[in-house]
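It should be emphasised that the depicted structure is a prediction, and the values quoted were computed from it without experimental measurement. Protein chains get the first letters and strands the later ones, always in sequence-line order, with residue 1 at the start of each.
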Amino acid sequence: MIWIVSFVVFIMLASALAVLLLPNLIAAVAASSVVSLSLAVLFALMKAPDVAMTEAAIGAGLSSLLLAMALRRLGLWQLDKEQESK
Amino acid sequence: MTMPGIEVVFYTGAIGLIVIGMAGVLMVKNVFRMLLALVLLEAGASLLLILSGFRETGVAPILLSGHAAGQLMNDPVPQALVLTAIVIGVGIQALALALILRIKHRYHSLDMGEIREQMEHDIAVNSGVVSPASAQSPEPGGHHHG
Amino acid sequence: MRNISSLLFSGGLAFLLLVLATQLPFGHTSMLLGNDILQAAPDEVGTGNIVAAVLLAYRGIDTLGELAILFTAAASVGLILGQRSNHSAKRDKTITESHFITSRASDLMMPLLIIVGFYIIFYGHLTPGGGFQGGVILAIAFFLPVLTRPGTTIDHGMITIIEGLAGAGFIMIGLWAMLYGKPFLQPFFDTFLGNGIFGSLWSAGTLPLLYLAVGLKVGAELAGLLVTISEAPAAEVERT
């Protein structure tokens with residue numbers, strides 16, 4: 001149990017740092033989705049299945065969809081160029 | 001106690017998320033990334049709230065027969081609160097995204113400093129402190145009637 | 001300078017939270033309110049899922065307020081982004097034609113997602129899940145064609161009608177309870193709905209109906225949000 005929890009927490013914190021540090025905004029959105037997904041795993045491990053389902057559906061699914069769509073609307077959908085908006 | 005208990009790991013995750021999110025909200029220049037940091041902060045807060053209702057030997061608060069057969073269950077109240085908070089969080093996130101889209105349309109930038117400068121200039125112009133002609137960056141080559 | 005002070009603030013926050021965390025009794029919470037609810041919920045509300053009982057029976061007005069917040073957020077997004085984008089799909093040059101695989105896969109996925117969403121809503125009082133989770137899945141299911149076929153749109157009027165009916169239904173069920181002398185929004189038994197056996201689909205009185213209203217409301221709300229954001233006028237793509 002503790003090893004699984006440690007592993008998931010490590011992945012969660014690493015991708016939380018990646019959200020702030022990655023230069024590409026699409027990659028940052030993907031990293032925030034990973035944070036939500038590992039958070040859902042933690043909720044399931046903490047015996048809170050309702051919250052885990054909500055976090056998986058909203059945090060990892062709908063929220064990432066919303067952010068990615070807004071990114072496209074902002075004109076920042078650039079996969080190759082590593083430039084932020086200026 | 002040679003090995004840290006499981007509570008150390010859980011609290012590290014929750015507090016780490018809160019601190020990373022707070023540092024991001026304070027330090028990041030890009031408005032969009034600031035929103036992402038706010039989402040992280042929210043996630044950390046909900047994890048901390050769920051941790052407050054966790055029992056080591058507890059089971060999920062779902063009954064299979066008519067009564068709880070002497071089994072310890074986790075606290076359902078923080079779970080219901082967090083469920084509500086997550087759904088509200090996505091609404092607030094959409095509202096912030098709409099504001100960011102409008103800012104991008106109006107000022108053509110997502111950088112905090114630039115937005116603030118232009119916004120202050122707009123306010124000054126609208127309140128009559130600065131005349132509109134004295135914009136700080138006139139187009140080179142435009143409006144030069146000698 | 002600003003970065004240093006931000007780091008100092010974050011570090012101080014971490015220290016304060018750590019001190020707080022060492023004071024909390026981890027794993028042995030006293031749970032005064034939670035224990036009472038766990039004892040009383042099977043008889044009073046009759047749901048298998050205690051979280052659903054807390055959400056709709058013991059904190060029903062809280063859920064009503066939450067739906068109001070969600071409605072306000074969706075309405076403000078519509079207000080901020082405006083309605084002046086009828087041909088946004090044509091205006092957005094970055095979207096290319098939909099690929100064969102994505103369009104076929106979305107056709108295949110959509111009915112399955114709708115079934116899963118309604119299943120999660122209808123069994124929300126017995127198993128994990130419920131109106132919020134199922135509503136999100138429904139919103140994504142109805143938004144999937146828009147995502148894979150750039151030309152199509154969802155009718156805004158339809159979304160508004162579903163949303164309004166679901167919201168009115170939620171309040172109507174709450175008022176219905178008052179007809180029988182119960183507090184506002186309390187789920188109740190022993191009317192023509194029957195009591196139901198614990199663990200069957202028709203149990204817990206009017207609580208499944210409340211959850212259905214919540215699910216439809218959340219689904220319509222979030223689908224409306226997605227459609228509004230996706231129809232927003234695109235900013236010019238910077239190709240420098």
Tell me, side chain or backbone of I62(B) under 4.5 Å from chain A's heavy atoms, or both, or neither?
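The side chain, not the backbone.
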Please flag which part of L97(B) lies under 4.5 Å from any non-hydrogen atom of chain A: side chain, backbone, both or neither.
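Side chain only.
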Checking [X] against chain B: side chain, backbone, both or neither under 4.5 Å from a heavy atom?
| X | answer |
| --- | --- |
| V35(A) | side chain |
| F10(A) | neither |
| L66(A) | both |
| I11(A) | neither |

Tell me whether R33(B) contacts the main-chain N or O of V28(B) through its side chain, where contact means a donor paired with an acceptor under 3.5 Å.
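The answer is no, because no donor-acceptor pair under 3.5 Å joins these two groups.
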Shortest non-hydrogen contact between [X] and [Y], atoms and distance:
| X | Y | result |
| --- | --- | --- |
| V29(A) | S64(A) | CG1-O, 4.1 Å |
| I20(B) | A16(A) | CG2-O, 3.9 Å |
| N24(A) | I26(A) | OD1-N, 3.1 Å |

With a 4.5 Å heavy-atom cut-off (strictly below), which parts of residues 53-60 of chain A touch chain B? List them by number.
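Residues in range: T54(A), E55(A), I58(A).
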Go through the structure and list residues passing side-chain hydrogen bond (donor to acceptor under 3.5 Å, both in side chains) with R116(B), not counting sequence neighbours.
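In terms of side-chain hydrogen bond (donor to acceptor under 3.5 Å, both in side chains), with neighbours along the sequence ignored, R116(B) is linked to no residue.
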Residue list, side-chain hydrogen bond (donor to acceptor under 3.5 Å, both in side chains) with S46(B), at least two apart or on another chain:
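If we apply the side-chain hydrogen bond (donor to acceptor under 3.5 Å, both in side chains) test to S46(B), skipping adjacent residues, there are no hits.
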Within the supplied structure, the quantity of interest is the number of heavy atoms (other residues, nucleotides, ligands) at a distance under 6.0 Å from M119(B) CE; does it exceed 12?
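More than 12 within 6.0 Å, yes.
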Atom [atom1] in [X], atom [atom2] in [Y]: separation rounded to 0.5 Å?
| X | Y | atom1 | atom2 | answer |
| --- | --- | --- | --- | --- |
| L17(A) | M12(A) | CG | CE | 11.0 Å |
| D111(B) | K29(B) | CG | NZ | 7.5 Å |
| I18(B) | E42(B) | CD1 | CD | 11.5 Å |

Members of residues 76-84 of chain B whose heavy atoms come closer than 4.5 Å to chain A:
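Hits under 4.5 Å: Q79(B), V82(B), L83(B).
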Just wondering, do [Y] and [X] contact through their side chains at under 4.5 Å, heavy atoms?
| X | Y | answer |
| --- | --- | --- |
| I50(B) | F54(B) | no |
| M22(B) | L40(B) | no |
| L39(A) | L17(B) | yes |

Taking L45(A), L67(A), V9(A) one by one, which has the highest count of heavy-atom pairs under 4.5 Å against chain B?
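Looking at each option in turn, the highest pair count goes to L67(A).
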Please rank A48(A), P49(A), S32(A) by heavy-atom pairs under 4.5 Å with chain B and give me the top one.
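Of A48(A), P49(A), S32(A), A48(A) has the most heavy-atom pairs under 4.5 Å with chain B.
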